[in-house]
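These values consider heavy atoms only, across backbone and side chains, with no hydrogens, waters or symmetry-generated copies.
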Amino acid sequence: MRTRTGRLRRLLSRRYARTRETEQRLRLEHELTVSRQRLARWQQHADSYERQLGRAQRERAHLLAWLAALHPAGAVLTPLTGSGHEGAHRLCLEAGGWHLTWRLPPGDLALFTHVPSHPEHVTAHLAPDGDDAADQAARIRRHTWLLAFESALTSGRAGAVGGEPHRGVRPVSEPPR
């Protein structure tokens, strides 16, 4: 009796162990499938963000080329030197009495054939970084405000002049900071 009971217990424990192993394998396979689906979904998001970034960078390059065409007397390209700048240039503009600079990757240089290149101006316009980049953004906002204010005054649309603002145009109040 004991041997029969012992054999039965061993047989049941083996089946139980196999069932546990099968359940664990199925659970791991399910987790792997779910992880692969999540990976595919996140990869789609990453690809979408990369496409959006590419569009934004192309639009930035076109807008900078347009700015350089609007300010031909104050626009100059200078090559960037040093490691990590293979073929990159810096667009330097003078607008509103301020020197503004942007880094241009080599792929965007074809848009700037109308801008003169002056390698000797490399040190004259250093790259904005940190606080300088924030200062440049503030200068651009203030210059934009001044141009909008001037336009509003000359067309009689400024709230201070007494005219009503054009539909879709905010009244000009004070300059941005």
CD-CG distance between Gln37 and Leu32, expressed to the nearest 0.5 angstrom: 10.0 Å

Interatomic spacing from CG in Leu100 to CH2 in Trp102 - rounded to 0.5 Å: 4.5 Å

Glu31 atom CD: more than 12 heavy-atom contacts under 6.0 Å: yes

Exam field: side chain Gln136 to backbone Thr101, donor-acceptor pair closer than 3.5 Å: yes

Residues Arg25 and Glu29 bridged, charged N to O under 4.0 Å: yes

Interatomic spacing from CD in Glu59 to CH2 in Trp66 - rounded to 0.5 Å: 11.0 Å

Gap separating the CG atom of Leu146 from the CZ atom of Arg141, nearest 0.5 angstrom: 13.0 Å

Trace of the side-chain contact (heavy atoms from CB on, under 4.5 Å) decision for Ile140 with Trp98: CA-CA 9 Å; Ile140 292 170; Trp98 293 99; over 6 Å; no

Within 6.0 Å of CZ in Arg38, more than 12 heavy atoms from elsewhere: no

Co-membership, hydrophobic cluster, residues Leu70 and Leu111, 4.5 Å side-chain: no

Within 6.0 angstrom of Arg41 CZ, more than 12 heavy atoms from elsewhere: yes

Shortest non-hydrogen contact from His99 toward Glu94: CE1-OE1, 3.6 Å

Heavy-atom pair of closest approach, residues Ala88 and Pro106: N-CG, 3.9 Å

Verdict with reasoning, Phe112 to Val115, per side-chain contact (heavy atoms from CB on, under 4.5 Å): CA-CA 5 Å; Phe112 296 89; Val115 179; 4.1 Å; yes

His30 NE2 to Leu28 CG distance, which is reported to the nearest 0.5 Å: 11.0 Å

Name of the residue among Pro116, Cys92, Ser117 meeting side chain to side chain contact (heavy atoms under 4.5 Å, CB included) with Leu77: Ser117

Side-chain heavy-atom pair Arg58, Arg55 within 4.5 angstrom cut-off: yes

Donor-acceptor contact below 3.5 Å, side chain His114 vs main chain Ala68: no

Sidechain N-carboxylate O distance under 4.0 Å for Arg27, Glu23: no

Crowding at CD, Glu50 (>12 non-hydrogen neighbours, <6.0 Å): no

Mutual orientation of the aromatic rings belonging to Phe149 and Trp145 [parallel < 30°, tilted 30-60°, perpendicular > 60°]: parallel

Where Arg103 and Arg60 come nearest, the two heavy atoms and their spacing: O-NH2, 3.1 Å

Leu109 vs His89, side-chain contact (heavy atoms from CB on, under 4.5 Å): CA-CA, chis, key distance, verdict: CA-CA 8 Å; Leu109 292 179; His89 282 65; 3.3 Å; yes

Expected output: side-chain Thr154 to main-chain Glu150 donor-acceptor under 3.5 Å: yes

Contact check, side chains of Arg139 and Arg142, non-hydrogen atoms, under 4.5 Å: no

